Amino acid sequence: MKNAIDALQRIGIAAQTTDSKGEVVLCLHGWLDNSNSFAPMLDKASSAYQWISIDFKGHGKSQWRSADAHYYFVDYVYDLLNILDVLGIERCHLVGHSMGAMVCGLFASLYPQRVKSLTMIEGFGLVCTPEQQLKKQILDAFEHRQASDKFKKRLYANFATLVTARSNAGDLTQEDAALLMQRNSQQVEGGFYLTIDPRLKTASAIRFSVAQAKAMLVDVTTPSLLILSDKGLGFVKDNYDLFIDGFKDITVEEVSGGHHCHMDNPQECVSLIEQHLNRNAVT
């Protein structure tokens, strides 16, 4: 799939692929992660499918958005559309984790004809803001933007220090944090810098209300699998209650692990995903 990697590089998207052939499974990672988050799972994946995991813009080895741009959630959905078009993929299977799962879910609602199956890992629905807080959402976002102009890169003395900081910031083991930081950092004289765009940490100026989000995630007929973890984020389970009625063909499974259960428990996750793919493969 070297041609796929080259094609995506031309639109500023970095990717990793397996050497296998078959129906395409496109994997989308979570916020501040990168395509390496799928590596433990894909090491155990079947060669019957062609797995492509991408780095979202501003993450991993992908380009940052232009200096006058910001990171709106809907633009990730458009990036996904662009990726499929650039690769000449009419339909494929989508697998997303966390933010990537929400991107895949909205894409499947908007473009059901492009999605053979949908798998969402520890991500469901959309991040919403109550209508009465929308004004504050914009004000906070603008304040963050002004502060982001003053962000300075932090120099970490060594890779181990960077890994420990990432592990302490979430539910990641040292091993998994190291895997992510291999693709989210750059060694320079005197230490390591993060390569993710600092603007990713600014608040979004635009979020949907619950009513708007429900209107977009309605009558989703794509065969769907939702993987929840027993030690996952409460936000995901709350969103399950809000948005489950919009998904008309969905199976829900729970696995052991934290929010990054596909890294904690890769064998169980990939087994569930492949069962779902096999049920919905085009023969």
Side-chain angles (χ1 to χ4, degrees), residues 4-17 26-39 52-87 94-107 121-123 126-127 137 140-156 162-163 165-166 169-170 172 176-188 192-207 259-260 263:
I5 293 176
D6 292 343
L8 291 176
Q9 284 179 340
R10 290 193 286 272
I11 60 169
I13 296 288
Q16 302 185 75
T17 70
L26 191 62
C27 302
L28 307 181
H29 63 79
W31 180 62
L32 300 183
D33 289 347
N34 57 63
S35 56
N36 270 4
S37 75
F38 292 102
I52 304 175
S53 22
I54 66 106
D55 294 336
F56 278 123
K57 289 286 186 73
H59 298 74
K61 297 183 181 297
S62 286
Q63 291 179 2
W64 294 7
R65 298 205 188 277
S66 62
D68 60 345
H70 293 277
Y71 289 87
Y72 293 109
F73 175 81
V74 293
D75 287 331
Y76 292 125
V77 182
Y78 180 74
D79 288 341
L80 176 51
L81 177 64
N82 202 18
I83 287 167
L84 293 186
D85 288 344
V86 165
L87 295 180
L94 294 179
V95 175
H97 169 247
S98 194
M99 181 184 79
M102 291 186 278
V103 169
C104 291
L106 182 53
F107 186 88
I121 306 168
E122 270 290 297
L126 296 172
V127 178
Q137 181 76 34
D140 288 347
F142 287 175
E143 183 178 344
H144 284 186
R145 288 183 188 183
Q146 291 175 324
S148 71
D149 293 338
K150 304 178 180 64
F151 284 172
K152 293 182 179 180
K153 287 184 176 181
R154 175 182 172 184
L155 182 66
Y156 293 84
L162 174 60
V163 168
R166 180 64 182 91
L172 291 165
D176 290 342
L179 188 58
L180 291 177
M181 290 303 98
Q182 287 170 11
R183 202 166 172 88
N184 268 357
S185 65
Q186 178 183 16
Q187 186 171 12
V188 296
F192 286 80
Y193 280 131
L194 286 174
T195 56
I196 58 173
D197 192 336
R199 291 174 295 173
L200 290 168
K201 296 184 179 180
T202 61
S204 176
I206 298 177
R207 279 188 183 162
H259 182 57
H260 288 78
M263 302 184 80

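Predicted model only: the values in this text are computed from it and were never measured.
- Judged purely by atom type and a 3.5 angstrom limit, Trp31 uses its side chain to pair as donor or acceptor with the backbone of Leu200.
- Counting only heavy atoms from C-beta outward, the side chains of Leu28 and Tyr76 never approach each other to under 4.5 Å.
- No donor-acceptor pair closer than 3.5 Å links the side chain of His144 to the backbone N or O of Phe142.
- The shortest side-chain heavy-atom distance between Phe107 and Leu26 does not fall under the 4.5 Å cut-off.
- Across every non-hydrogen atom of Arg145 and Ala205, the tightest pair is NH2-CB, 3.7 Å.
- In this structure the side chain of Asp75 reaches within 4.5 angstrom of the side chain of Arg65, judged on heavy atoms.
- Between His29 and Phe56, the angle of the ring planes goes over 60°, which puts this pair in the perpendicular group of the 30/60° scheme.
- The minimum heavy-atom distance between Ser62 and Gly12, with the atom names listed, is CB-O, 3.4 Å.
- The two residues Asn36 and Leu179 come nearest to each other via the heavy atoms ND2-O, 2.8 Å.
- Annotation: side chain to side chain donor-acceptor pair (under 3.5 Å) contacts of Ser35 (sequence neighbours excluded): Gln16, Asp55, Arg183.
- With hydrogens and angles ignored, the 3.5 Å screen pairs a side-chain donor or acceptor of Trp64 with a backbone N or O of Thr195.
- Here the side chains of Leu155 and Tyr193 are in contact, with some heavy-atom distance below 4.5 Å.
- Between Ile5 atom CD1 and Ile54 atom CD1 the span is 12.5 Å, to the nearest 0.5 Å.
- Minimum interatomic distance between Ser53 and Phe38 (heavy atoms only, all atoms of both residues): CB-CD1, 4.1 Å.
- Atom OH of Tyr78 is surrounded by 12 or fewer heavy atoms from other residues, nucleotides or ligands within 6.0 Å.
- Using a 4.5 Å cut-off on side-chain heavy atoms (C-beta onward), Leu194 and Met181 make contact.
- In terms of heavy atoms, Ser204 sits closest to Ile206 at OG-O, 2.9 Å.
- Expressed to the nearest 0.5 Å, how far CG of Leu32 lies from CE of Met99 amounts to 8.0 Å.
- Heavy atoms only, all atoms of each residue included: Arg199 and Ala69 are closest at NH1-O, 2.8 Å.
- Side-chain contact between Ile13 and Val86: absent, with no pair of heavy atoms (C-beta onward) separated by less than 4.5 Å.
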* In sequence, state the C-alpha distance, the side-chain angles, and the governing distance for Ile11 and Lys57, and then conclude on side chain to side chain contact (heavy atoms under 4.5 Å, CB included). => CA-CA 10 Å; Ile11 60 169; Lys57 289 286 186 73; 5.9 Å; no
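- A heavy-atom distance below 4.5 Å is not found between the side chains of Leu162 and Asn184.
- Distance CG/Leu8 to CG/Leu87: 4.5 Å, rounded to 0.5 Å.
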* To do: I would like to know whether Tyr71 and Asp197 meet side chain to side chain contact (heavy atoms under 4.5 Å, CB included); could you show each step before the answer?
  => CA-CA 10 Å; Tyr71 289 87; Asp197 192 336; 2.7 Å; yes
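- Interatomic distance, OG1 of Thr202 versus CG of Asp140, reported as 11.5 Å (0.5 Å rounding).
- The distance from the OH atom of Tyr72 to the NE2 atom of His70 is 6.0 Å, given to the nearest 0.5 Å.
- Side-chain contact check for Leu80 versus Leu94: some heavy-atom pair is nearer than 4.5 Å.
- Under a 3.5 Å cut-off, the side chain of His97 and the backbone N or O of Cys27 do not form any donor-acceptor pair.
- For the residue pair Ser37 and His260, no side-chain donor N or O sits within less than 3.5 Å of a side-chain acceptor on the partner.
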